[in-house]
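Comments concern the structure below.
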Amino acid sequence: MTVPGIGPPTALSFVVTIDDPTRFRHSADVGAYLGLTPRRHQSGEIDRTARISKRGNHQVRTYLFEAANVVLTVVRRGSALKRWGSKPAKRIGAKKAKVAVARKMAVILHAIWTDGTEFQAEMRTA
């Protein structure tokens, strides 16, 4: 719950859904497991990227989307996550940017869970 926008319901549903964090080799695989990656349609020379796949738990996906909404619109404190999410919001639209931030939050939550560390809003360089 140290990640901005993540509250008790989101954290609990994420932990219950993932259950065992070691079953994912890479943290980036969690986004695909929760259905937060774009669906691809490929056939011959045609390669189209469509909407998100919506596979996985609907409730966790909804909670992460709402948490991304909070990070991008409500949280006043600046963070690397908020700056990262505001760039695609200008380019591709607010809803797609919120999905991208939700996917990134899922990756961050998994990485934090496996490492046992806490979220740091700003990465400090020495």
Side-chain angles (χ1 to χ4, degrees):
M1 291 186 345
T2 59
V3 179
I6 301 294
T10 308
L12 182 63
S13 64
F14 183 80
V15 168
V16 168
T17 301
I18 300 301
D19 190 37
D20 181 21
T22 59
R23 66 183 172 147
F24 297 101
R25 180 175 284 176
H26 305 285
S27 292
D29 297 339
V30 175
Y33 178 75
L34 296 175
L36 291 168
T37 55
R39 181 182 283 173
R40 309 253 343 236
H41 298 284
Q42 295 177 330
S43 174
E45 294 179 6
I46 298 172
D47 184 14
R48 281 180 273 163
T49 303
R51 298 176 179 199
I52 61 172
S53 64
K54 295 186 181 178
R55 300 194 181 218
N57 193 333
H58 172 72
Q59 183 179 16
V60 176
R61 196 169 46 252
T62 302
Y63 281 156
L64 287 172
F65 183 82
E66 288 299 321
N69 182 33
V70 168
V71 166
L72 291 177
T73 59
V74 177
V75 174
R76 299 273 186 237
R77 245 184 0 217
S79 70
L81 186 62
K82 185 172 182 169
R83 279 193 306 277
W84 182 87
S86 63
K87 288 179 186 177
K90 295 174 186 172
R91 193 177 70 245
I92 61 175
K95 285 186 181 180
K96 288 183 181 180
K98 289 174 189 173
V99 171
V101 171
R103 181 174 50 245
K104 189 160 185 100
M105 290 175 89
V107 170
I108 289 170
L109 288 173
H110 182 264
I112 287 173
W113 190 9
T114 55
D115 292 348
T117 59
E118 287 190 16
F119 179 77
Q120 305 215 349
E122 295 295 327
M123 296 302 293
R124 296 180 185 155
T125 55

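Count residues from 1 along the sequence.
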Item to check | For V107, side-chain contact (heavy atoms from CB on, under 4.5 Å) partners two or more places apart | outcome: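 For V107, the residues satisfying side-chain contact (heavy atoms from CB on, under 4.5 Å) (neighbours in sequence not counted) are S27.
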Next on the checklist: Can you list everything that forms a side chain to side chain donor-acceptor pair (under 3.5 Å) with T114? Sequence neighbours excluded, please.
Outcome noted: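 T114 satisfies side chain to side chain donor-acceptor pair (under 3.5 Å) with no other residue.
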Checklist entry - Heavy-atom distance under 4.5 Å between the side chains of I18 and W113, does that happen here? => result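 When only atoms from C-beta onward are counted, W113 and I18 do touch, with a gap below 4.5 Å.
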Checklist entry - Looking at side-chain heavy atoms only, is the closest gap between M105 and T10 below 4.5 Å? => result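 No, side chains not in contact.
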Item to check | Non-hydrogen atoms of A68 and A102 that approach each other most closely | outcome: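 Of all heavy-atom pairs spanning A68 and A102, the closest is CB-N, 3.7 Å.
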Next on the checklist: Once side-chain hydrogen bond (donor to acceptor under 3.5 Å, both in side chains) is applied, what residue pairs with a partner in residues 90-109 remain, sequence neighbours excluded?
Outcome noted: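 Only N69-K98 qualify under side-chain hydrogen bond (donor to acceptor under 3.5 Å, both in side chains).
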Item to check | side-chain hydrogen bond (donor to acceptor under 3.5 Å, both in side chains): pairs with one or both residues in residues 12-22, sequence neighbours excluded | outcome: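 Only T17-N57, D20-T22 qualify under side-chain hydrogen bond (donor to acceptor under 3.5 Å, both in side chains).
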Checklist entry - Apart from L12 itself, what residues make up its hydrophobic cluster, given side-chain heavy atom links below 4.5 Å? => result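 Its cluster partners, ordered by chain and number, are V16.
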Item to check | Shared-cluster residues of I92, by chain and number - hydrophobic side chains joined below 4.5 Å | outcome: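 Direct or chained contacts put I92 with none.
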Table please: side-chain donor-acceptor pairs of residues 59-67 below 3.5 Å, with sequence neighbours left out.
residue: Q59; atom: NE2; partner: Y63; partner atom: OH; Å: 3.2
residue: R61; atom: NH1; partner: L34; partner atom: O; Å: 2.9
residue: R61; atom: NH1; partner: R55; partner atom: O; Å: 3.0
residue: T62; atom: OG1; partner: H58; partner atom: O; Å: 2.8

Checklist entry - Does atom CZ of R25 have more than 12 heavy-atom neighbours, drawn from other residues, nucleotides or ligands, at distances under 6.0 Å? => result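 Not buried by this count: 12 neighbours or fewer within 6.0 Å.
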Checklist entry - With Y33, which residues qualify under ring-ring contact (aromatic ring centres under 6.0 Å, His included), at least two apart? => result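 Expected list: F24.
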